[in-house]
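What follows is a single structure, written as structure tokens, with notes after it.
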Amino acid sequence: MIPQVSRIYDLFIIGGGINGCGIARDAAGRGLSVALAEMGDLGGATSSASTKLFHGGLRYLEFFEFGLVKKALVERETLLRAMPHISWPMRFVLPYHPDMRFESETPTSRVLSFVMPWMKGRRPAWLIRLGLFLYDNLGGRKILPGTETLRLQGSPEGAPLDPKFQRAYEYSDCWVEDARLVVLNARDAEARGAQIMTRARVIRAERVEDVWQVTVERGGAVETFRARALVNAGGPWVGRIIHEVAHLQSNEDVRLVRGSHIVVPKLHDHDKAYFFQGEDGRIIFAIPYETDFTLIGTTDLDHEGDPGNPVCTDAERDYLCRFASEYFANPVRPEDVVWTYSGVRPLYDDGAKSATAATRDYVLSLDATGAPVLNVFGGKITTYRKLAEATLAKLRGAFPEMGGDWTAGVAIPGGDFPVDGVEDLIAGLRADYPFLDARWAKRLIRAYGTEAREILGDAESADDLGRDFGASLSEAELRWLMAREYAVTAEDVVWRRSKLGLRLSEGQIAEIDSFMRSA
């Protein structure tokens, strides 16, 4: 088949995860012409398999990553203002016991062992409080409340915990719907002129004279794009793209680290999360999830094999259950697990001994020997917007005419309302659409924000929304997801753009898939 050759774009981006879509949005908003190709669904790999937090990374203070933590803390509130429908403040409870011991290979542990050898791996309460003081103040916090000390006995926060925990610290971070964040960045990029292509595999990229020629296979056809610069935001595949797609000479690569999570029926009745510390140097979270569940994660293991098909192993599941059971009064058992998911983080290979110690900060590598190519290594979901700004700063030499930074505080689709305006939106939606119950209205606002009304249109009853696929998923919403949010399969809908798969049967999911294929 002879490939078709299209116009010359300013920027061609490989990868439709949060980094690729964030860069596309930023670049399009600066006036650059942008094309993006994602081989699967947007956010279909790492970006939909996070712990779903905008956070500074409290544990990174153990590794003296103060710059990374500060950058992420500043971003929390910037992002919160831009997307109050899919991100919201959350309080985290960190239980403390004087006999808790910790892994000895972090920089903090080594200093403590030298200065206070009699502690034998224990953390004094003042050290944890100092870390939380830094966490409260490094990022110029304005919206989120600061740290408090809790007495757990007789409190809602202490009720589900082992009675040995008498004291805890409570601090702030933010929840985010990670897969929706990716899709909404892509939508905004497209609204600003970017071409977003899903199910589009880049099979070759080569410099031809002064431009990149990129060959893309999608829908059984082959098309060749030309672009003045190339961005490799391939996530776990960034190394393969460097060596096998673009055939570049580079010694840089990623360290693939698998993070797995488990979901169990909810373990506590309040809306706060828990931050648990283990003797192996790891931490896990136990987070209220989808109203009726608790999300527990994550692991940190070097990943071998296909990064596109990671699974939570039985050993990881059992590890998370044991870890959580050290804190909860009632043990978390493997048979309680209703769902698991795993993602592969593409961390920059800095030679760290362990997956836990490998840097979470991003590294941007620019090759300007000819038409420029920028390779993106690592990164955290919290700093995706800063990564995009840094990417465009590195490419300014190629595009001196492009606009400046603009994304801070600019709402993504559906997020054009105040941070504290969710309850008002829900109340207004129920008033105008009385057939919505409280859970349904909340789900729509938390997914679509001000755009929920566009989905409901002039409906006066649930029947006006068309077929009911279960768990409040209507035909009107499904058609919206297909037309506006790049959804192609049932998996795109029930496991990424929503988590309705937790409430739908296999038969119902098959019906959704059949409808989408026929539509």
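Here, residue 1 is the first one in the sequence, and each next residue gets the next number.
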Task: Arg345 to Thr298 - nearest heavy-atom pair and separation - done: NH2-CG2, 3.0 Å
Open item on the list: Whether the side chain of Glu77 engages the backbone of Val74 through a donor-acceptor N/O pair (distance < 3.5 Å, no angle test) should be reported.
Closed with: no
Open item on the list: Could you tell me if the side chain of Ile143 sits less than 4.5 Å from the side chain of Leu80, heavy atoms only?
Closed with: yes
Open item on the list: With heavy-atom distances below 4.5 Å as the criterion, would you say the side chains of Tyr384 and Leu181 are in contact?
Closed with: yes
TODO: Run the salt-bridge test on Arg255 and Asp302 with the 4.0 Å N-O cut-off and return the result as yes or no.
DONE: yes
Open item on the list: Is a donor from one side chain sitting under 3.5 angstrom from an acceptor on the other, for Thr407 and Arg385?
Closed with: yes
- [ ] With rounding to the nearest 0.5 Å, note down the distance linking NZ in Lys70 to CG in Leu73.
- [x] 10.0 Å
Open item on the list: Would you say that Ile512 contacts Met516 through its side chain, given a criterion of any heavy-atom pair below 4.5 Å between the two side chains?
Closed with: yes
Open item on the list: Using the side chain to side chain contact (heavy atoms under 4.5 Å, CB included) criterion, which residues pair with Ser172? Sequence neighbours excluded.
Closed with: Arg91, Leu144, Pro145
Task: Spatial distance of atom CZ (Arg180) from atom CD1 (Ile412) [nearest 0.5 Å] - done: 8.5 Å
- [ ] Could you label the plane-to-plane angle of the Phe165 and Tyr327 rings as parallel, tilted or perpendicular, counting under 30° as parallel and over 60° as perpendicular?
- [x] parallel
TODO: Let me see the working for Val176 and Leu53 under side-chain contact (heavy atoms from CB on, under 4.5 Å), right down to the final yes or no.
DONE: CA-CA 5 Å; Val176 63; Leu53 300 177; 5.7 Å; no
Open item on the list: Can you confirm whether the side chains of Tyr362 and Asn19 place a donor and an acceptor under 3.5 Å from each other?
Closed with: no
Open item on the list: Could you tell me if the side chain of Val493 sits less than 4.5 Å from the side chain of Leu500, heavy atoms only?
Closed with: no
- [ ] Given side-chain contact (heavy atoms from CB on, under 4.5 Å), test Val337 with Val263 step by step and report yes or no.
- [x] CA-CA 6 Å; Val337 175; Val263 174; 6.0 Å; no
Open item on the list: Tell me whether Glu170 is salt-bridged to Lys272, with the criterion being a basic N under 4.0 Å from an acidic carboxylate O.
Closed with: yes
Open item on the list: Check this for me: Phe133, atom CZ, are more than 12 non-hydrogen atoms of other residues, nucleotides or ligands nearer than 6.0 Å?
Closed with: no
Task: N/O donor-acceptor pair under 3.5 Å between Asp188 side chain and Asn185 backbone - done: no
- [ ] Examine the side chains of Glu75 and Thr382 and answer whether a donor and an acceptor come within less than 3.5 Å of each other.
- [x] no
Open item on the list: side-chain contact (heavy atoms from CB on, under 4.5 Å), that's the test. Do Phe293 and Lys499 meet it? Break it down for me.
Closed with: CA-CA 11 Å; Phe293 303 93; Lys499 294 298 179 287; over 6 Å; no
Open item on the list: Using the rule side-chain contact (heavy atoms from CB on, under 4.5 Å), only one of Thr383, Asp26, Ile23 pairs with Glu389; which is it?
Closed with: Asp26
Task: Asp437 atom CG, neighbour heavy-atom count above 12 within 6.0 Å - done: yes
TODO: Give, for atom OG1 of Thr299 and atom CZ of Arg317, the distance between the pair rounded to the nearest 0.5 Å.
DONE: 13.0 Å
- [ ] Check the side chains of Glu477 and Ser474 for a donor-acceptor pair under 3.5 angstrom, ignoring hydrogens and angles.
- [x] no
Task: Distance-only donor-acceptor check, side chains Ser365 and Asn375, under 3.5 Å - done: no
Open item on the list: Please report the interatomic distance NZ(Lys52) to CD1(Ile86), rounded to the nearest 0.5 Å.
Closed with: 11.5 Å
Open item on the list: Could you check whether atom CD of Glu326 has more than 12 heavy atoms from other residues, nucleotides or ligands sitting under 6.0 Å from it?
Closed with: yes
Task: Distance-only side-chain donor-acceptor flag, Ser50 / Asp178, under 3.5 Å - done: yes
Open item on the list: Are Val238 and Val376 packed together at the side-chain level, in the sense that at least one heavy-atom pair is separated by less than 4.5 angstrom?
Closed with: no
- [ ] Hey, could you give me the OG/OH distance between Ser260 and Tyr319, rounded to the nearest 0.5 Å?
- [x] 11.5 Å
Task: Check ion pair Arg199-Glu38 (N to O, under 4.0 angstrom) - done: no
Open item on the list: If you compare all heavy atoms of Leu36 against all heavy atoms of Ala24, which two are closest, and at what distance to 0.1 Å?
Closed with: CD1-CB, 4.0 Å
Open item on the list: Can a donor-acceptor pair be found, under 3.5 Å and without considering hydrogens, that links the side chain of Ser48 to the backbone of Ala45?
Closed with: yes
TODO: Among residues two or more places apart or on two chains, list those pairs meeting side-chain hydrogen bond (donor to acceptor under 3.5 Å, both in side chains) that have a residue in residues 137-152.
DONE: Asp136-Thr147
- [ ] Take atom CZ of Arg201 as the centre, draw a 6.0 Å sphere, and report whether it contains more than 12 heavy atoms from other residues, nucleotides or ligands.
- [x] no
- [ ] Would you check if Leu58 and Leu132 make a side-chain contact, meaning some heavy-atom pair closer than 4.5 Å?
- [x] yes
TODO: Evaluate the side-chain contact (heavy atoms from CB on, under 4.5 Å) criterion for residues Glu485 and Leu184: first the C-alpha distance (whole Å), next the side-chain angles of each, then the deciding distance (0.1 Å), finally the verdict.
DONE: CA-CA 8 Å; Glu485 295 199 358; Leu184 295 178; 4.2 Å; yes
TODO: May I ask you to decide if the ring planes of Tyr171 and Phe275 are parallel, tilted or perpendicular, using 30° and 60° as cut-offs?
DONE: perpendicular
Task: Exercise: identify the closest heavy-atom pair between Pro413 and His85 - done: O-NE2, 2.9 Å
Task: Minimal non-hydrogen separation, Asp336 against Pro265, with atom names - done: O-CD, 3.2 Å
Task: Side-chain heavy-atom pair Arg496, Leu42 within 4.5 angstrom cut-off - done: no
TODO: Return yes if a side-chain donor-acceptor contact under 3.5 Å exists between Glu190 and Tyr486, otherwise no.
DONE: yes
TODO: Compare every heavy atom of Leu425 with every heavy atom of Gly449, then report the nearest pair and how far apart it is.
DONE: C-CD1, 4.4 Å
Open item on the list: With side-chain contact (heavy atoms from CB on, under 4.5 Å) as the test, pick out the partner of Asn232 among Ile13, Val202, Ile241, Leu374.
Closed with: Ile241
Task: Salt bridge flag under 4.0 Å for residues Arg497 and Asp41 - done: yes
Task: Ser472 and Arg443: side chain donor to acceptor below 3.5 Å - done: yes
Open item on the list: Quick check against the 3.5 Å criterion: does Ser87 have a side-chain atom that pairs as donor or acceptor with the backbone of Met83?
Closed with: no
Open item on the list: As an exercise, state the distance from CG of Leu347 to CG of Leu256, rounded to the nearest 0.5 Å.
Closed with: 8.5 Å
- [ ] Looking only at non-hydrogen atoms, find the nearest pair between Val182 and Ser47 and report the distance.
- [x] CG2-CB, 3.7 Å
Task: side-chain hydrogen bond (donor to acceptor under 3.5 Å, both in side chains): pairs with one or both residues in residues 262-271, sequence neighbours excluded - done: His270-Tyr274
- [ ] Cation-pi check, Arg446 to Trp88: give yes when NZ or CZ is under 6.0 Å from the six-membered ring centre and within 45° of the ring axis, no otherwise.
- [x] yes
Open item on the list: Between Ser342 (side chain only) and Pro310 (backbone N and O only), is there a donor and an acceptor less than 3.5 Å apart?
Closed with: no
Task: Pair Tyr135 and Phe92, ring centroids less than 6.0 Å apart - done: no
Open item on the list: Please verify the inter-ring angle class for Tyr341 with His261; under 30° counts as parallel, over 60° as perpendicular, anything in between as tilted.
Closed with: parallel
Open item on the list: Main chain of Ile287, side chain of Thr294: is a donor-acceptor contact present, judged purely on distance under 3.5 Å?
Closed with: no
Task: Beyond-backbone contact of Asp292 with Leu502, side-chain heavy atoms, under 4.5 angstrom - done: no
